[in-house]
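Take a look at the structure set out below.
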Amino acid sequence: MNSRLITRRRALFTGLAAVGGLAVTRDWSDMPPTYGNSLRMGDNLTYAAFRLLPRQRLVKEYTLADISSIPAQGVIDLGAANAPKIVDDYRRLLHGGFADWRLSVEGRVNTPRAFSLNELKQLPSRTQITRHVCEEGWSAIAQWTGVALRTVLEAAGILPTARFVVLYSYDDWLTSIDLSDALHPQTILAYGMNGRDLPIPHGAPVRLRLETQLGQKSLKYLQRIVVKDEFDDGGAKGEIQNGWAWYMGI
Ligand SMILES: Nc1nc2c(c(=O)[nH]1)N[C@H]1C(S)=C(S)[C@@H](COP(=O)(O)O)O[C@H]1N2
Ligand SMILES: [Mo]
C-alpha cells in the first residue's frame, strides 16, 4: 500500500473518530425524538425547555371544591355499524362488566403481563385533582384515582434499556411518551373519576392521566401498553403524521 493512501485513510479515520466523539459527548436526552424534522421545531423548543426543569416536577393539584364539569371528547361510538374490530371487542367487554378486560403490558419488560381491572385496583392507588387542558382551548378540573403507571411497569419488570412507552386504545388511537413522563408520580392509569368508576365517555374502564402534557395525550379506553427501546412515532395513527406535535408539555 502506498504511503499517500495510508495518509488519506488515517485522515478519514481521524475524521470519523471526531464525529463519533461528538456523538458520544453530546447529551441528546434533552432533545425530543422528533429532532431533525424541521416541521417539528416547536417540539424541539418545548421539549428542551421542559427537560431542563427538575425531572419529576409535580403539576398543581386542586381541592374538591375546585372540581368543574368536564366535557367528554372523542367518545367511543358503540353504535357504529362499520366500527373497527377493536370497538366490537370493547362492546363485548363492556357488556360483560369489564370482567374479561385485560391490560397487556409487553415489549421490553422482564415478564409480559395482562392485568385485570381488579388486579390494577389491588396495587397501591393514587388520587389527584388536576386540571385537564385540551388542545382545543378548554380546560376543566376533575379528580382521578388509579395506579401509577410506574407501579405497573415495575410489576412487569421494565428493562434498563427501555426509553419509551406506547399506549393503544379500543377506539384505535395510540400515543407514546418517554420514560421520564411514564415514571412521573402523577402519571396514572385511572379507573376512578370524581369518586366513582370511570364513566364510559371518559374512557372506561381505564385511561391514562398524563398531567404533564395536554389532554389529548391522556389516552382513554386503554387496551395495550408496549415498552420500547426506540422511539415509535405511531406511523399513520401517530400524532406526527396527523399534524400534531408529539410532545405536548404544559
Ligand atoms: N382513546 C381516546 N383517547 C382520547 C381521546 C379520544 O378520542 N380517544 N381524546 C383525547 C382528547 S383530545 C381529550 S381533550 C381528552 C378528553 O378526555 P375527556 O373525554 O375525559 O374529557 O381525551 C383524550 N384521549
Ligand atoms: Mo383534546
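Ligands are counted one by one from 1 in listed order, and the atoms in each one are counted from 1 as well. When a residue number appears, it is its place in the shown sequence, counting from 1. The basis for the numbers below is simple: all heavy atoms, side chains too, and nothing from hydrogens, waters or symmetry mates. All values derive from a computational prediction rather than experimental measurement.
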Test: Glu61 and Arg126 ion pair at under 4.0 Å: yes

For atom 4 (C) of ligand 1, what is the closest protein heavy atom, and at what distance to 0.1 Å? Lys220 CG, 3.6 Å

Any idea which protein heavy atom is nearest atom 7 (O) of ligand 1, and the distance to it? Trp173 CZ2, 3.2 Å

Give yes or no for whether the N/O distance cutoff of 3.5 Å, strictly under, is met between Gln73 and ligand 1. yes

Ile70, any N or O under 3.5 Å of ligand 1 N or O: no

Test item, Tyr170 contacting ligand 1 (heavy atom, 4.0 angstrom): no

Subset of ligand 1 atoms that lie under 4.0 Å from at least one heavy atom of Ser169: 1 (N)

Polar-atom distance check: His202 versus ligand 1, any N or O pair below 3.5 Å? yes

At under 4.0 Å between heavy atoms, which part of Lys217 makes contact with ligand 1: side chain, backbone, both or neither? neither

Does Lys60 make a cation-pi contact with Tyr62, if we ask for NZ or CZ under 6.0 Å from the ring centre and within 45° of the axis? yes

Is Lys217 salt-bridged to Glu239, going by a charged N under 4.0 Å from an acidic O? yes

Numbering the atoms of ligand 1 from 1, which are under 4.0 Å from a heavy atom of Cys134? 14 (S)

Under 3.5 Å, is there a donor-acceptor pair between the side chain of Asp181 and the main chain of Thr187? no

Can you tell me the protein heavy atom closest to atom 11 (C) of ligand 1 and the distance? Gln216 CA, 3.7 Å

Are Asp172 and Lys237 within salt-bridge range, i.e. N to O under 4.0 Å? yes

Backbone N/O of Ser176 and side chain of Trp246: donor-acceptor pair under 3.5 Å: yes

Using a 4.0 Å cutoff against the non-hydrogen atoms of Gly74, which atoms of ligand 1 qualify? 6 (C), 7 (O)

Output the list of atoms in ligand 1 that are nearer than 4.0 Å to some heavy atom of Leu219, sorted by atom number. 1 (N), 3 (N), 24 (N)

Between Asn242 and Trp244, is there a donor-acceptor pair closer than 3.5 Å when you use the side chain of the first and the backbone of the second? no

Inspect the contact between Arg108 and Asp229 and indicate whether a charged nitrogen and a carboxylate oxygen are less than 4.0 angstrom apart. yes

With ring centroids as reference points, do Tyr90 and Phe98 lie under 6.0 angstrom apart? yes

Top protein contact for atom 13 (C) of ligand 1, by heavy-atom distance: Gly215 O, 3.7 Å

Arg207 heavy atoms within 4.0 Å reach ligand 1 at atoms 15 (C), 17 (O), 18 (P), 20 (O), 22 (O)

Please state which part of Ala72 comes within less than 4.0 Å of ligand 1, counting heavy atoms only: side chain, backbone, both or neither. both

For atom 24 (N) of ligand 1, grab the closest protein heavy atom and report residue, atom and distance to one decimal in Å. Ser218 O, 3.0 Å

Ligand 1 atoms in contact with Pro71 (distance to a heavy atom under 4.0 Å): 18 (P), 19 (O), 21 (O)

Acceptor/donor pairs from residues 134-143 side chains to any protein atom, 3.5 angstrom cut, sequence neighbours excluded:
from   : atom 1 : to     : atom 2 : distance (Å)
Glu136 : OE1    : Gln73  : NE2    : 2.7
Ser139 : OG     : Arg131 : NH1    : 2.9
Gln143 : OE1    : Gly195 : N      : 3.2

Heavy-atom contacts with Asp171 under 4.0 Å: which atoms of ligand 1 show up? List them by number with element. 1 (N), 2 (C), 6 (C), 7 (O), 8 (N)

Within 45 degrees of the axis of the six-membered ring of Trp144 and under 6.0 Å from its centre: does Arg207 put its NZ or CZ there? yes

Kindly say whether Leu58 contributes a backbone atom to a donor-acceptor pair with the side chain of Gln186 at under 3.5 angstrom? no

Salt-bridge present (Asp89, Lys85; N to O < 4.0 Å): yes

Under 4.0 Å from a heavy atom of His132: which atoms of ligand 1 are those, numbered in the order shown and with their elements? 13 (C), 14 (S), 15 (C), 16 (C), 17 (O)

If you measure from each non-hydrogen atom of Trp244 to ligand 1, which part falls under 4.0 Å: side chain, backbone, both or neither? neither

Output yes when the distance from some N or O of ligand 1 to some N or O of Glu135 is under 3.5 Å, and no in every other case. no

